[in-house]
Amino acid sequence: MTEFFADIPKLAYQADATDEFAFRHYNPDEVILGRRMEDHLRFAVCYWHSFAWPGGDPFGGQTFKRPWFGETMDHARLKADTAFEMFRILGVPFFCFHDADVRPEGGSFAETTRNLEEITEYFAAKMEAGGPKLLWGTANLFSNRRFMAGAATNPDPDIFAYAAATVKTCMDTTHRLDGANYVLWGGREGYETLLNTDLRREMEQMGRFLSMVVDYKHKIGFKGTILVEPKPQEPTKHQYDYDVATCYGFLQRFGLEKEVKLNIEQGHAILAGHSFEHELALAASLGVLGSIDMNRNDYQCGWDTDHFPNSVPEVALAYYEILRAGGFTTGGTNFDAKLRRQSLDPEDLILAHAGAMDVCARGLKAAAAMLEDGKLEAARAARYAGWDRPEAQAMLASDLESIAADVEARGLDPQPVSGRQERLENLVNRFF
Ligand code: XUL
Ligand code: CO
């Protein structure tokens with residue numbers, strides 16, 4: 001037990017709760033479409049926003065005062081004790097971390113690696129004692145000034161080397177902790193100005209880097225999924241992993257589309273000018289839907305604000321795409337979400353997650369009900385029914401001349417039919 005959350009009870013499901021410290025919708029054991037709710041949602045708490053972020057914004061610094069802030073191994077252990085205490089209170093099945101969130105930077109690469117290994121063993125003991133599992137590990141290749149011009153895409157080969165070596169240590173850690181996935185988010189893999197950037201080289205470096213990651217995964221026998229997390233910009237002006245479509249093209253170019261899937265974040269989708277459900281549906285249709293970061297942006301301010309989710313309809317449409325795709329396999333729902341910088345209390349940290357878990361539970365239930373109802377899928381199937389006819393399929397294997405001759409012979413004069421959008425929107429709105 002740590003001091004920090006001392007007065008906060010473990011949260012349980014109670015539909016008619018009057019107390020704040022309860023789940024009203026998240027009931028881990030409730031079976032939905034033949035699967036426990038906990039196994040559908042696979043919630044993860046992220047270490048960085050909750051335990052490493054000091055609360056700064058572009059106009060001001062630290063607002064949070066946490067007893068574990070400090071660059072020593074003692075601080076790192078206290079941070080871990082507090083984090084695992086929060087995981088227990090919330091009852092989440094998973095957590096996620098970057099190397100830099102969990103260990104102090106050492107005076108050399110070797111010392112930094114030793115610090116990471118030491119804290120990894122500290123985690124392993126807590127996990128064996130009933131703590132959550134690791135949804136994914138990742139390397140922070142964007143905060144330290146050495147990475148300011150990129151990691152894999154850096155103009156300096158020594159920085160590429162440092163980044164590659166760092167990723168190796170983080171993959172080792174993730175493997176040691178039996179992580180379900182390993183994530184690469186290329187925060188600085190992009191450019192600030194084209195005037196000093198060689199796009200061709202940078203993309204080729206990034207392709208080689210990712211291929212090395214995949215090779216190493218196979219070499220060490222890591223069974224998890226390698227995930228790339230798309231984002232269009234911020235911190236760089238332009239990021240190479242712009243969105244799902246861009247990432248898929250990149251993976252195909254380097255022959256990695258069967259090896260790597262995507263970790264899709266709602267806020268990043270919005271920054272790219274897409275809806276979250278668009279990114280999920282596209283990834284599912286391309287066979288690269290891996291995992292999600294369930295945190296939204298503020299719709300007015302245009303930054304990656306990492307709010308906790310709080311809109312059931314938005315979340316429901318996302319889970320609808322995930323359920324249609326067959327649900328998560330190695331992936332899950334990570335809250336890459338942070339408190340607002342005025343939310344100083346330990347209770348704020350717990351209840352932000354609890355509220356988000358309830359919103360996701362409601363969204364999942366609505367999505368499952370929509371699928372079970374079947375009307376939306378029936379309408380979609382009816383719209384494409386013509387393509388199920390053998391002649392339509394045969395046409396796809398023919399050529400323009402034969403098609404033209406057929407159109408003339410049949411005297412075709414096709415008539416448009418209604419897309420019924422508003423009727424489908426009415427249908428969907430009955431589930432929220
Ligand atoms: C940044 C972001 C990262 C990744 C992991 O916008 O989403 O936290 O999820 O590096
Ligand atoms: Co993220």
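Whatever order the structure lists ligands and atoms in, that order sets their numbers, starting from 1. Treat the numbers as computed from the prediction; the structure is a model and nothing was measured.
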S.K.: With the Co ion (ligand 2) at the apex, how many degrees lie between OD2 of Asp293 and OE2 of Glu229, rounded to 10 degrees?
M.R.: 100°
S.K.: Heavy-atom distances under 4.0 Å are what count here, so tell me which part of Phe97 touches ligand 1: side chain, backbone, both or neither.
M.R.: neither
S.K.: Does only the side chain of Glu234 get under 4.0 Å from ligand 1, or the backbone, or both, or neither? Count heavy atoms.
M.R.: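 The answer is neither.
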S.K.: Using only N, O or S atoms, tell me which atom of Glu265 is closest to the Co ion (ligand 2).
M.R.: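 That would be atom OE1.
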S.K.: For ligand 1, which atoms sit closer than 4.0 Å to a heavy atom of Asp336?
M.R.: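 Listed by number with element: 2 (C), 3 (C), 4 (C), 7 (O), 8 (O), 9 (O).
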S.K.: In terms of atom number and element, which parts of ligand 1 are under 4.0 angstrom from non-hydrogen atoms of Lys231?
M.R.: 6 (O)
S.K.: Can you say whether the rings of Trp48 and Trp136 are parallel (under 30°), tilted (30 to 60°) or perpendicular (over 60°)?
M.R.: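 The rings of Trp48 and Trp136 sit tilted, inter-plane angle from 30° to 60°.
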S.K.: Does a donor on one side chain and an acceptor on the other come within less than 3.5 Å for Tyr191 and Glu202?
M.R.: no
S.K.: If the cut-off is 2.8 Å, does any N/O/S atom of Asp306 fall short of it from the Co ion (ligand 2)?
M.R.: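 No, Asp306 does not qualify, because none of its backbone or side-chain N, O or S atoms lies under 2.8 Å.
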S.K.: Would you mind listing which atoms of ligand 1 come within a distance below 4.0 Å of any non-hydrogen atom of Asp293?
M.R.: 9 (O)
S.K.: Is there side-chain contact between Asp241 and Glu229, with heavy atoms separated by less than 4.5 Å?
M.R.: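 No. Closest side-chain heavy atoms not under 4.5 Å.
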S.K.: In Asp336, what N, O or S atom is nearest to the Co ion (ligand 2), if we give its atom name?
M.R.: OD2
S.K.: If you look at every heavy atom in Lys375 and Leu427, which pair is closest and at what distance?
M.R.: CB-CD2, 3.7 Å
S.K.: With a 4.5 Å limit on heavy-atom distance, are the side chains of Tyr122 and Val102 in contact?
M.R.: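 They are not in side-chain contact.
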S.K.: Should Asp304 be listed as contacting ligand 1, given a heavy-atom distance under 4.0 Å as the test?
M.R.: yes
S.K.: If you count the atoms of ligand 1 from 1 in the order shown, which ones are under 4.0 Å from a heavy atom of Trp48?
M.R.: 8 (O)
S.K.: I need the nearest protein heavy-atom contact for atom 9 (O) of ligand 1: residue, atom name and distance, please.
M.R.: Glu229 OE1, 2.7 Å
S.K.: Regarding Arg66 and the six-membered ring of Phe69, is the cationic atom NZ or CZ under 6.0 Å from the ring centre and inside 45° of its axis?
M.R.: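 No, Arg66 and Phe69 do not form such a contact.
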S.K.: Would Phe222 and Tyr216 count as a ring-ring contact (aromatic ring centres under 6.0 Å, His included) here? Give the steps.
M.R.: CA-CA 8 Å; Phe222 176 60; Tyr216 190 62; 9.7 Å; no
S.K.: Ignoring hydrogens, what is the shortest heavy-atom contact between Phe51 and Ala83? Give both atom names and the distance.
M.R.: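 The pair with the smallest heavy-atom distance is CZ-CA, 3.4 Å.
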S.K.: Side-chain donor-acceptor pair under 3.5 Å between Asp81 and Thr2, yes or no?
M.R.: no
S.K.: Looking only at distances, can you tell me whether any N or O atom of Glu265, backbone or side chain, sits closer than 3.5 Å to an N or O atom of ligand 1?
M.R.: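 Such a contact does occur with ligand 1.
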S.K.: Please classify the Asn263 to ligand 1 contact at 4.0 Å (heavy-atom distances, strictly less than): side chain, backbone, both or neither.
M.R.: neither
S.K.: Considering distance alone, does some N or O of His268 sit under 3.5 Å from an N or O of ligand 1?
M.R.: yes
S.K.: Heavy-atom contacts with His98 under 4.0 Å: which atoms of ligand 1 show up? List them by number with element.
M.R.: 5 (C), 10 (O)
S.K.: Within a strict 4.5 Å, meaning less than it, do heavy atoms of the Thr112 and Asp99 side chains meet?
M.R.: no
